[in-house]
Number of protein chains: 2
Amino acid sequence: MNNRETILEHALVLFASFGYDATGVQEICDQSGITKPTLYHYFRSKRGLMEALLAENYSPYIKRLKDACEYRGDLPQNIAEVLRSTFRFADSNLLFYKLQFSMRNAPARGEAYDIIKPWIKAQHEPVFTLFSEAERDNGNMRGRAQAYTITLLGMANAYIQQAVEENIGLNDDLAYQARQQFMYGIFS
Amino acid sequence: MNNRETILEHALVLFASFGYDATGVQEICDQSGITKPTLYHYFRSKRGLMEALLAENYSPYIKRLKDACEYRGDLPQNIAEVLRSTFRFADSNLLFYKLQFSMRNAPARGEAYDIIKPWIKAQHEPVFTLFSEAERDNGNMRGRAQAYTITLLGMANAYIQQAVEENIGLNDDLAYQARQQFMYGIFS
DNA sequence: GTCTTACTATACCGCACGGTATAGTGAATT
DNA sequence: AATTCACTATACCGTGCGGTATAGTAAGAC
């Protein structure tokens with residue numbers, strides 16, 4: 001395996017375990033069996049390393065999420081697909097999921113949050129667009145696209161957290177259950 | 001105002017804004033208009049300062065939460081009170097709420113998470129006890145107290161986050177709405 | 001065989017961090 | 001008047017941080 005991948009791999013483990021601030025570049029180098037100039041050759045800075053880590057792990061999920069948000073007149077179907085793609089994203093790389101979750105909830109003026117901000121937007125945007133389009137077919141949803149987006153993604157996180165702590169599988173059954181509960185919140 | 005309170009006040013703002021790791025003791029001192037020995041006189045360490053901050057702000061909420069979890073045979077009533085006390089806690093000091101939320105979701109082996117761990121337990125425990133007792137009156141809940149606890153508190157957080165970003169009031173109406181959605185999740 | 005390019009090690013820099021040794025100060029106690 | 005105690009400032013310590021200047025090395029190009 002090349003050094004770049006080795007570094008990314010160990011950086012993920014360390015960042016997820018101790019956090020961005022508390023993880024030193026030297027420690028990443030030690031774990032990866034290389035020295036600092038090597039790391040700085042592949043990644044311009046500590047921040048650049050984190051940005052590369054996010055790009056590699058987020059990109060496939062965001063792509064699938066965009067597909068899941070393609071509106072074709074059947075909102076419950078879209079919601080199911082959003083939940084399924086998000087559950088699979090979490091399930092496929094739990095360590096990265098935990099890392100990005102802690103960064104999303106980090107203080108707003110910290111560097112970690114600043115780095116992840118564009119990815120939060122990349123996740124939020126397609127879901128928001130989906131609900132905005134669904135509003136046209138469903139009058140009583142008007143003006144609530146933002147609220148629905150936050151609640152849906154928030155609920156997905158709650159289910160994932162529960163599944164992790166209870167050691168339940170993040171399967172499609174759970175996605176179905178989450179969808180039912182979310183739909184109840186909309187039509188009541 | 002005495003120096004101890006001044007320090008706590010400014011520490012809250014800085015910790016909530018930039019995070020525990022990224023906030024320097026010197027910066028807290030500068031903002032508070034005192035010097036480091038003064039801070040270290042009142043608080044043994046940076047960690048001790050954070051512990052004091054958590055104790056002062058959490059204690060009243062935990063006390064009210066325990067009352068809200070006193071089971072008297074009416075689970076929906078208890079759930080409403082849990083949500084109400086939690087919403088009021090967030091509403092009364094939003095800055096502290098954001099701080100504790102970011103710490104709860106910080107990496108598990110970081111110092112910030114280590115400091116807040118006992119308070120997570122203090123919040124989790126009474127709610128868990130409530131659901132455990134309610135299990136005796138409601139057979140189809142058996143063995144799910146843990147899951148209900150996580151989901152209820154997770155849902156509360158989702159609603160609070162939504163209320164903050166949408167500038168909705170964290171009033172009792174919202175608590176009622178959250179309860180309805182949660183109860184639907186239980187009995188389906 | 002020389003030159004270029006990609007990559008890697010040694011050794012170091014300046015800096016900000018958490019924390020403290022020392023020396024007070026002013027008010028209450030005896 | 002002497003002593004004690006709670007509190008505060010100056011100046012400093014050791015450490016570890018992110019990042020880099022320098023000097024290679026090994027492989028392919030010409």
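So that the names make sense, note that chain A is the first sequence line, chain B the second, and so on, each numbered from 1.
Among residue pairs with one or both ends in residues 101-121 of chain B, those qualifying as salt bridge (charged side-chain N to carboxylate O under 4.0 Å, His left out) are R47(B)-E111(B), R47(B)-D114(B), D114(B)-K117(B); sequence neighbours excluded.
Side-chain N/O atoms of Q31(A) and E27(A) include no donor and acceptor closer than 3.5 Å. In this model, a donor atom of one side chain and an acceptor atom of the other lie less than 3.5 Å apart for Q123(B) and Y61(B).
Put simply, the side chain of N3(A) never gets that close to the backbone of T6(A): no donor and acceptor are under 3.5 Å apart.
As rounded to whole Å, 10 Å separates atom P of dG18(C) from atom CD of E111(B). At whole-Å resolution of the value, CZ in F43(A) and P in dT8(C) are 11 Å apart. Atom CG in N2(B) sits about 13 Å away from atom C1' in dA6(D), given to the nearest Å. Separating the OH atom of Y42(A) from the P atom of dT5(C) is a distance of 17 Å, rounded to the nearest angstrom. Across the protein-nucleic acid pair, I7(A) atom CD1 and dT8(C) atom C1' stand 11 Å apart, rounded to whole Å. In this structure, CG of D30(B) is placed 13 Å from C1' of dA9(D), rounded to the nearest angstrom.
Residues that satisfy the ring-ring contact (aromatic ring centres under 6.0 Å, His included) test with Y40(A), not counting sequence neighbours, are absent from this structure. Partners of R44(A) according to the salt bridge (charged side-chain N to carboxylate O under 4.0 Å, His left out) rule, which considers only residues two or more places apart in sequence or in another chain, do not exist here. Every ring-ring contact (aromatic ring centres under 6.0 Å, His included) that F15(B) has, sequence neighbours left out, goes to Y20(B).
Annotation: proximity of residues 10-18 of chain B to DNA chain C (heavy atom, distance under 4.0 Å) is found for no residue.
The phosphate of dT10(D) has neither OP1 nor OP2 within less than 4.0 Å of any side-chain N or O from T35(B). Look at H41(A) and you'll find a side-chain N or O under 4.0 angstrom from OP1 or OP2 of dC7(C).
Residues R88(B) and D172(B) meet the side-chain proximity criterion, which asks for heavy atoms closer than 4.5 Å. Using a 4.5 Å cut-off on side-chain heavy atoms (C-beta onward), I120(B) and Y113(B) make contact.
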Sequence-aligned protein contact record of nucleotides 19-25 of chain D, with B where the base is within under 4.0 Å of a protein heavy atom and S where only the sugar-phosphate is: BBB----

